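Worksheet for the structure shown next.
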Amino acid sequence: MKTKVFVSWSGQRSRRLAQEITRWLPRVIQGVVPWMSAKDLAKGERWSEQIGKQLSEHDAGIICVTPENTSASWLLFESGALSKTLGHSKVCPVLLGIR
């Protein structure tokens with residue numbers, strides 16, 4: 001069974017980190033299918049609907065946090081949506097440039 005992982009980002013540095021994680025993750029963990037908006041949203045697609053759909057279908061997420069986006073509203077929204085089912089969902093922050 002494939003495990004779907006939502007990769008959340010906000011800002012350029014966070015986006016680059018998310019892109020690297022999206023490429024790396026399926027190479028080290030077979031069966032993982034990462035989803036990242038910059039890679040998986042088609043041009044012209046209704047992004048808010050598609051992100052909402054993906055958030056409802058994923059039970060695991062990686063949040064790419066940098067000093068520039070610690071209070072970004074999209075990261076907070078997506079983190080909350082991913083942690084919708086306490087005890088069932090997994091949300092993992094990845095910190096870049098933060099102690």
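Both backbone and side-chain heavy atoms feed into the values below; hydrogens, waters and symmetry mates do not. Source: prediction; values computed, not measured.
Other residues, nucleotides and ligands place no more than 12 heavy atoms under 6.0 Å from the CZ atom of R46. At most 12 non-hydrogen atoms from other residues, nucleotides or ligands lie less than 6.0 angstrom from CH2 of W24.
Note that the CD atom of E20 and the OG1 atom of T22 stand 9.0 Å from one another [nearest 0.5 Å]. Atom CE of M36 is separated from atom CD of Q54 by 13.5 Å, given to the nearest 0.5 angstrom. Distance check: L76 CG to T70 OG1 gives 8.5 Å after rounding to the nearest 0.5 Å.
A chain of hydrophobic side-chain contacts below 4.5 Å, direct or via other Ile, Leu, Val, Met, Phe, Trp or Tyr residues, connects L75 to I51. W74 and L95 fall within a single hydrophobic cluster, where Ile, Leu, Val, Met, Phe, Trp and Tyr side chains are chained together by heavy-atom contacts under 4.5 Å. When the side chains of ILVMFWY residues are joined at heavy-atom separations under 4.5 Å, either directly or via intervening members, L17 and V32 end up in a single hydrophobic cluster. F77 and I63 fall within the same hydrophobic cluster, defined by Ile, Leu, Val, Met, Phe, Trp and Tyr side-chain heavy atoms under 4.5 Å apart, directly or through other members.
Across every non-hydrogen atom of P34 and K39, the tightest pair is O-NZ, 4.2 Å. Counting all heavy atoms, side chain and backbone alike, I98 lies closest to T66 at CD1-C, 3.5 Å. Of all non-hydrogen atoms in F6 and H58, the two that sit nearest each other are N-CD2, 3.3 Å. In this structure, V65 and P93 approach most closely via the heavy-atom pair CG2-CB, 4.5 Å. Between L82 and G61, the closest heavy-atom pair is CD1-CA, 3.8 Å.
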With a 3.5 Å cut-off and sequence neighbours excluded, list the donor-acceptor pairs that the side chains of residues 8-16 form with protein atoms.
residue: S8; atom: OG; partner: E78; partner atom: OE1; Å: 2.3
residue: W9; atom: NE1; partner: S37; partner atom: OG; Å: 3.1
residue: R13; atom: NE; partner: E68; partner atom: OE1; Å: 3.4
residue: R13; atom: NH2; partner: E68; partner atom: OE1; Å: 3.4
residue: R13; atom: NH2; partner: E68; partner atom: OE2; Å: 3.1
residue: S14; atom: OG; partner: S10; partner atom: N; Å: 3.2
residue: S14; atom: OG; partner: C64; partner atom: O; Å: 2.8
residue: S14; atom: OG; partner: N69; partner atom: ND2; Å: 3.2

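For E57, the salt bridge (charged side-chain N to carboxylate O under 4.0 Å, His left out) partners two or more places apart in sequence, or in a different chain, are K4, K53.
The shortest distance between side-chain heavy atoms of L25 and I62 falls below 4.5 Å.
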Steps toward side-chain contact (heavy atoms from CB on, under 4.5 Å) verdict (W35, L55) = CA-CA 10 Å; W35 190 92; L55 286 167; over 6 Å; no
